[in-house]
Structures are given as C-alpha cells and as structure tokens.
Amino acid sequence: MATSLNPSTTADIVARANALFEDLSFSAARAWKDAEPGRKVVGYMPIYVPRELIHAAGMLPLGVVGGGDQLEVIHGDAYYQSYICRIPRSTIELGVSGRLDFVDGMLFPSICDVIRNLSGMWKLMFPKVYSRYFDVPQNYRDEIGGNFYVNELAELRHDLGELRGKPITDEELHSSIALYNENRRLIRELYAFRAERPWQAPATEVYLMVRAGLLLPVEEHSAMLRDYLAATRADERPMRDNCRVVLTGMFCEQPPLNLIKSLELSGCYVVDDDLLLVTRWLTGEVATEGDPLRNLASAFLHHSESTAAKYEPNQKEKGQHLVRAVKRTAAEGVIFAAPSFCDPALLERPMLQHVLKEAGIPFIAFKYAENSGQMQPIREQAGTFADSIKLWSGA
Amino acid sequence: MTTPNTKIVTSKAPAKEVIKDASMLKQKEMMAAHYDRLTAAPQTGAKVAATFVPGNLNELVMCFDLVNNLPEVNAIQSGLRRVSGSYVLEAEKIGHSEDVCTYVKSDIGMMAKGNIAPNGKKFPNPDVLLLSYTGCFTFMKWFELLREQYKCETIMLHTPYMGDGKITKGMIDYMVKQLREEVIPTLERVSGVKFDIDRLRENLKRSSRAEDDLVRVLQSAKAKPSPIDAYFGGIYYIGPIFGAFRGTQDAIDYYRFLREEVEERLANGQGPVTPDGDMGKEKYRLVVEGPPNYTNFRQFWKMFYDEGAVIVASSYTKVGGVYDFGFRHDPSKPLETLAEYCLGVYTNRSLPMRIDMLVNYINEYEADGLLINSIKSCNSFSAGQLLMMREVEKRTGKPAAFVESDLVDPRYFSAANIKNRLESYFQMIDQKRSGAHAAA
C-alpha cells in the first residue's frame, strides 16, 4: 500500500489534484488502465455506490460527476429539455464525445428520476458498455431492506466478476473494504481538521483533495490525503475574520470551483458540506471479517449519511443531521446551494429550513448550475449573510 | 344497450355545451360520491389513507375500511377547475421552488388555502400516509412534506426500479416482506381493523374483472375508426380503476357499462365522443407519450379533434397499472400480485421498456406517429424523452413530434406554440403519406 506519493508542499499536492480535476479526458484513469493488460474501469455517478466491489474485481472505480464549467456541451443539450438539470447532459457529452470511451462499465445509483432514466439511455446509447441502475433500499431493517440490498450487491458482484472473467472472492472484498475504511478515515480526518482550522484547509483545496478520490486508485488517493494533511498542518496561513458555514444541497451536480472559492472570498469558511458524499457515505468502519456483503449492507442501513435521496422514517430525525453538523463544526449558519431543477435538493430544502428555523440557525439559499459563470450575485448574497452573522448573531 | 350522449352545461363555460358519454356521467357520479364519503369522514368516523396513483394498493386499503385519498387526483381536479395556478403560487410563496413538481405545489398550496375538496367541503386530515414509492422520486419528498404538516403515521413501501427490464425474485421478496411486516401491521394499528387475507382475495378478484373490461375498451382503438380517444378520453376511462374504485363492485359495473358503450360505438363505426360531440372523420392516428396538461385540458384536446386526430394509445393511461400486456391482479397470490402490480407500472419501467411499449403501440394500433407531451415538472416522465422520440422514429419509420407543457401550472401552457407544432406535425404526416403513395 502506498503510504506517500512524494513528500511535497501543499501547493504541489493541490496542483496535482487540480490537474486531475481539470482533465476532462481522464488521462490518469486511462494511464492506469493502459499500465497492465486486462485492466478495466467502471464509472459511477452520484450519490453512492459500493466502490469496494469494483476495487475487489481489480478495476478502477471512476467517479463521473458531469462536465463542470469547462466542458462545451454540444451534443448533450440535444438530449434534454431546458428544464432538466445540467449533469445528465454534460455526462452524455462526455460519453458521446469519446471522453469515456475507455470505460468498461457505468453505474447509475438511485438518487433521482433523471439519473435513473439516464441509466436506460446509457444502455441504448452505449450498448457495448456494461451499465446498471444500482438500487438501494429505502427500508432500513436488516431482514427487509438489508436482504434486498445484499441481493443487489450480490448481483453487482456477480456482474463485475463476469466482466473480469473471474468471480470476486470474499478475501478480495475484505481487503478492498479495509482500504476504503482507511480512505474514509482520512477524509473524516481532513473534514475534522478543516472544521477546526478552516484557514489551513480552504474549501477549494479540500474539494480538490476529495475530488481526486473519484479519479485515482484508492491506495494512491489515501497517500495523497496523508501528504496533504501533513503539508497543510505544517503551513502557517493567516486566519481571516470569516464566519463559519455548512454548505448543503451540492451532493449531485457539482458547483464550479469558482463558486466555492467565491464563498470563502465573500467571508464564509466552509466547515462542512455534502459534496461528493460517496467518499464518506459510510460513516463508520465496515467490518472486515464475516460476510462482506452483509457488512456493507449493515453499514449502509445503520451508519450512512443522511441526504435528500434517502427516506427518513422518523419525523423527529428529519433534518437533524444538519443541526448536528452545525453543532459539531461550531458553524454559525447554513448555505443551501442547489443545482437548478434538482428535485432531491429543492424538494428537501423547505423541510430542512423549517428544522433550522426551529433550531435558531440562520441560513440563505441560492441555485447554481455546473456551468454557472457569474459569481457576483452569489458573492454579494454570501457576503451579506456573513456580515449579518457577524453583526447580529450575538444579539 | 342504448347510451345516448347527454348535453350538460358547465358553470365555467355557460355558453358552451359539453357533450359527455353516459359513462362519463356515471363516472362523475362515482367521483362525487367518493368525495362526499371522503369529506364526511370526520362525521362518519371513517379513517383516511392518502396514497399515490402508481402503486395504488386500493384492494389492501379497503381491507382496513380506510377511505383512499389521492393527492395527485386532487391536484388534477384543481387543474381542471382552474384553481391550481393560485395554489402553485401559494406554495412558491411559502418557500417551494419554482423548479419542482406542480402536483406537489398544488397540493401544498391547497392545504395552505383551506384544503377544500371539489365538492366545496374541507378535506379531512389523513390518518395515515401510505407512501407507495413507485416510479417517481418526488413521491418520497411529497409525503415527507405532508407528514411534516399532518404529523400522522407514514408507511414507506419501496418499489425497486426495473432498471434491467425484469422483475426478480429479490424484488418480489423485498416488497412482500415490506407489505407483511410494515404496511399491514401499521394499517391494522391505524384502522383498528384486523387484516383478513380472504377479504383481500375478494377485492383482487373484482379488480381483475374490471381490468379485463378496461383492456377491451383500450384495445378497441385498434379499430378504424377508433371508437375512443385513448388519451384525452382515456383519462376518463382510467379514473375509477386508478383511483379509489379498483377492487369494488362499482368498478366492475362501470367498466362493464363502459365496454358496452364502446362496443356499441364500434359496431356502429363511430369515432370518439369529444366535448363538442362526435368527432368528425378520423384523419390521423397517434400514440401519445407523457401526461396531459390539465389547466387547459379541453383546449388541448380540441387542437387534436379539430384536425381529425385521434389518440389510439398512450403511455399515461398506464401510469396506474399496465394491463394490456397480460397482467391482472391475481387473488391466488395476493401479496405477490400487489408487488408485481407496483413493479410493472409505466413509470417504474426502464427507458428501453418504455420505448418497446411505444413501438408496440404504433405497430399494433397502426398509428401514424408518436407525439410526446413533455411535462416541465415531471422528470420521471420527461428525462430521456428526446432519446425515446429518436428511437421510436428509428424503429417504426413513423414521424414523431414534441410539445411541452405542464401538469397543473397554467404558466407553462402556451396554446399558440403547441398548436403551431401540431399543425406542422400533421403536415409532416401528410407529406410522409403522399411520399409513400408516390413510392407505391
């Protein structure tokens, strides 16, 4: 297991992550695939897939989260009406333009109807690529939702085994689970560090570090996280008079990096967020002994993130994850940032806002698209929010 | 049997006579009786279960003497009565996004404005929200939003999506287990009525009989001319079986009556009845994908029948159950059949399955082409429709067209745009026909 990429400065590590982020040809994943004959790459979309299964098959899980603000969408718009969010059209663009031509499989998780229907579109448009809608239970009892989920996992395990030409063993799965446990532990450490010293780990850097995890082999990514944590801890960066905010609603279509930067420039330290949840979806260690699928199912049912794509069976618990995040990170407010036309984020928002109102937590809300270019209104809104928190929060 | 058309005058259009089939009038009476039963619940002591059309488990709900209330149907009623626009605005005023489903906003706005039913009386609060999560992501959030307001028990019944185009044993087991261990015990607790599986079997038997007749009615459109309009008219036909009547004797009676009425039209070589009376000569036969617009329903329909266009099959009339490929509720396996029903509804089918259905309709019903009415606030239907259109064109060689509107938000109904597109589409069909004749 790689322990360190190459001890280097924070700037070097961030530059490497940024290069990965900007590379719309997925060169790193292509290089990984080309390095040994027979290697395969399996793409996945938000919000969560058990990457352990892909890894255990000796394949590279590749996060596909749209085309961002640098991809010119030429063909993708022809597949979607104007009132549908950006991520499916830029994902189609990535596919149609050949940028994903090295990908051997695509997983479309249960998150919303748009991604669900995209799974069928992919089957039609790329019939030679293995593609699967990956369903997850909305019932959280082991003997009901758990059994269903174990079946889903078993089917995926079987399919991936077929794809590589050899079944996936329990040992391979245990080993992959252990690697992802470590990766999630490092991500949690990074988030905790940022919550403690946000000026040392700016939101854009944290985002790039986490995003790299969608593109690199997990071993390499864990090494990068270790290096970044060590390097940024050693740095001394000036602390600004920013307020502390939790960012929510960005779990699927990604905001432009500029948007995250703008929030910090306007006076908000992001101390928690729901970006790229796949990297920390499971909130505890997954057992590495016994039935690996049962272990993954149990973690999913009982120790996973709360988000709009999941049903909350207990009304009293609705939105409390956000209140807890605010308390845990000593945040002073919440920013609801949702992609335009995002059903999960926008339908969920009023309920979360009611909970925050009751808890006396201030918030603002705006919408974005992955290709939003004009940041001035967002900067002004966030700046005013930060000022109001500083001026009035003690009143 | 003679079923003369009846002229009635609506309060909204005093100068215009609306022609309705006898079956439409019968259905109107059924719906009125249902709303009266629903709004009288506080007086009668009846308990109310709110649930959804796709994945509607009316046979099961009736086992507990619960009255079924369907918020989607209420939103449709609000749309038809032209009050949904103000409800949608009210919901947006209290924080709901302009981007989300207008059924939800119509429902929430209606609650905010007093929750008045079509009969002018107040809707009762539901005693239980039966969240039959089938084929639409929004359903989950909708009932979480309602639960926040009503603070009542909410039961999640999760229907897995048919992403690979098949129903697996794992899916059925999962659903049956949810029914057995979550849905039924909670309904027993809320209603105070013990579950009786034989009662469920009887209800299912009745469903199956009504489903047979519904299919006969829908398939009558294979005839030329078609005696029915399977989209605009079809929406009336599906009302009882998609709503609160599946599994009742009323439904059996209604569908027998409807079938006889349609068979008579068929025998007489008549086309469909429209709000303006018998449709003239059938010139175009279309298949329609997607829900209609309800705020301008008659205006929309008129754009078709004025041009002699009849809809011979539609996907929307399968949203509360797909029966025309053989599925019937089966009393010999009561819980499994409910699971299969939920799994098979149109919006729970993968995109390739949906395309197969549309292609099948175009071929079987000898249609001239496909029209997609794409709904702004319904991603379950709309996402992917442009690819569906291309695929259907490719596989059938028939032209397709695309119009856009919304379910119950009048702001998104642009009559001029839709009419222009339809006129161009009909011209396209004409050209295609003349090209075919010339080639022959």
Side-chain angles (χ1 to χ4, degrees), chain A residues 78-85 88 92 108 110-121 123-125 132-135 137-139 141 143-145 147-152 154-155 308-313 315 318 338 340-351 353-354 365 367, chain B residues 94-97 99-101 104 108 131 133 135-138 140-142 144-145 147-148 151 154 156-158 160-165 168-171 173-175 177-178 181-182 347 349-355 374 376-388 391 402 404 412:
Chain A
Y79 290 87
Y80 286 102
Q81 303 89 317
S82 56
Y83 43 78
I84 287 174
C85 58
I92 292 265
F108 299 86
S110 166
I111 175 168
C112 72
D113 295 332
V114 172
I115 301 297
R116 183 197 72 175
N117 289 3
L118 182 57
S119 70
M121 293 173 73
K123 281 183 194 293
L124 292 164
M125 295 176 72
R132 182 182 173 88
Y133 173 74
F134 184 71
D135 217 344
Q138 297 291 352
N139 174 296
R141 283 173 58 182
E143 69 280 16
I144 304 177
N147 285 352
F148 168 72
Y149 191 49
V150 167
N151 272 340
E152 287 294 301
E155 283 182 20
K310 277 172 75 176
Y311 175 60
E312 173 50 68
Q315 172 63 20
K318 187 77 200 169
S340 294
F341 306 109
C342 173
D343 278 341
L346 292 169
L347 285 162
E348 182 88 339
R349 196 173 69 184
M351 291 182 275
Q353 290 179 341
H354 295 157
K367 291 191 293 185
Chain B
I94 57 179
H96 295 270
S97 170
D99 292 353
V100 302
C101 171
V104 177
I108 284 173
L131 203 181
Y133 183 48
C136 166
F137 171 81
T138 296
M140 180 161 68
K141 298 293 114 181
W142 190 347
E144 283 188 348
L145 283 160
R147 180 180 64 183
E148 193 187 37
K151 297 181 174 41
T154 307
M156 159 63 87
L157 172 65
H158 175 208
Y161 180 61
M162 279 217 269
D164 283 337
T168 64
K169 184 177 176 300
M171 291 173 175
D173 289 349
Y174 175 47
M175 292 200 68
K177 215 151 191 196
Q178 289 179 82
E181 296 183 27
E182 303 266 8
T347 45
R349 292 172 177 236
S350 70
L351 228 62
M353 292 175 86
R354 284 170 59 184
I355 291 168
S374 184
K376 182 238 174 199
S377 66
C378 182
N379 286 336
S380 176
F381 262 106
S382 300
Q385 280 177 329
L386 285 159
L387 179 66
M388 290 171 78
E391 283 290 316
F402 203 84
E404 295 177 333
Y412 295 99

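It should be emphasised that the depicted structure is a prediction, and the values quoted were computed from it without experimental measurement. Here is how names work: the chains are called A, B, and so on, in the same order as the sequence lines, proteins then strands, and each is numbered from 1.
Under a 3.5 Å cut-off, the side chain of Lys141(B) and the backbone N or O of Ala308(A) do form a donor-acceptor pair. Listed for the Arg116(A) side chain is a donor-acceptor partner under 3.5 Å among the backbone atoms of Gly135(B). Here the side chain of Asp113(A) pairs no donor or acceptor atom with the backbone of Ala383(B) at under 3.5 angstrom.
Looking at Thr138(B), the atoms closer than 4.5 Å to chain A (heavy atoms on both sides) sit in the backbone and in the side chain alike. Proximity to chain B is absent for every atom of Glu152(A), based on heavy atoms less than 4.5 angstrom apart. Both the backbone and the side chain of Asp343(A) come within less than 4.5 Å of a heavy atom in chain B. Only the backbone of Ile111(A) comes within contact range of chain B, judged by heavy atoms closer than 4.5 Å. In this structure, chain A has no heavy atom under 4.5 Å from any part of Asp173(B). Contact of Ala78(A) with chain B is made through backbone and side chain together, with heavy-atom distances under 4.5 Å. With a threshold of 4.5 angstrom between heavy atoms, Pro313(A) approaches chain B through N, CA, C or O but not through any side-chain atom. For chain B, the nearby parts of Leu347(A) are the backbone and the side chain; heavy atoms of each come within less than 4.5 Å. Neither the backbone nor the side chain of Ser377(B) comes within less than 4.5 Å of any heavy atom of chain A. Residue Ile355(B) touches chain A through its side chain alone, counting heavy-atom pairs closer than 4.5 Å. Proximity to chain B (any heavy atom under 4.5 Å) is shown, for Asn139(A), by both the backbone and the side chain.
Among all heavy-atom pairs drawn from Pro350(A) and Gly95(B), the shortest one is CG-O, 3.8 Å. Contact detail for Phe148(A) and Gly170(B): the closest heavy-atom pair is CD1-O, 4.1 Å. Summarising the geometry of Gln138(A) relative to Tyr133(B), their closest heavy-atom pair is CG-CE2, 3.9 Å, with the distance given to 0.1 Å. Counting all heavy atoms, side chain and backbone alike, Met121(A) lies closest to Gly384(B) at SD-CA, 3.6 Å. Counting all heavy atoms, side chain and backbone alike, Asn379(B) lies closest to Phe341(A) at ND2-O, 4.0 Å. Nearest heavy-atom pair, Ser374(B) versus Gln81(A), reported as atom, atom and distance to 0.1 Å: OG-NE2, 2.7 Å.
The candidate with the highest count of non-hydrogen atom pairs below 4.5 Å against chain A, out of Lys177(B), Gln178(B), Met175(B), is Lys177(B). Listed options Leu346(A), Ile144(A), Asn151(A) were ranked by heavy-atom pairs under 4.5 angstrom with chain B; first place goes to Ile144(A).
Between atom CD of residue Glu181(B) and atom CZ of residue Arg141(A) there is a gap of 5.0 Å, rounded to the nearest 0.5 Å. With values rounded to the nearest 0.5 angstrom, Ile92(A) atom CD1 is found 10.5 Å from Leu386(B) atom CG.
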Where do Asp99(B) and Lys367(A) land on the side-chain contact (heavy atoms from CB on, under 4.5 Å) test, with the steps shown first?
CA-CA 10 Å; Asp99(B) 292 353; Lys367(A) 291 191 293 185; 2.8 Å; yes
Residues Glu144(B), Lys318(A); criterion salt bridge (Lys or Arg N to Asp or Glu O under 4.0 Å); working and verdict
CA-CA 9 Å; Glu144(B) 283 188 348; Lys318(A) 187 77 200 169; 2.6 Å; yes
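Taking 4.5 Å as the limit, some side-chain heavy atom of Asp164(B) sits within range of a side-chain heavy atom of Lys123(A).
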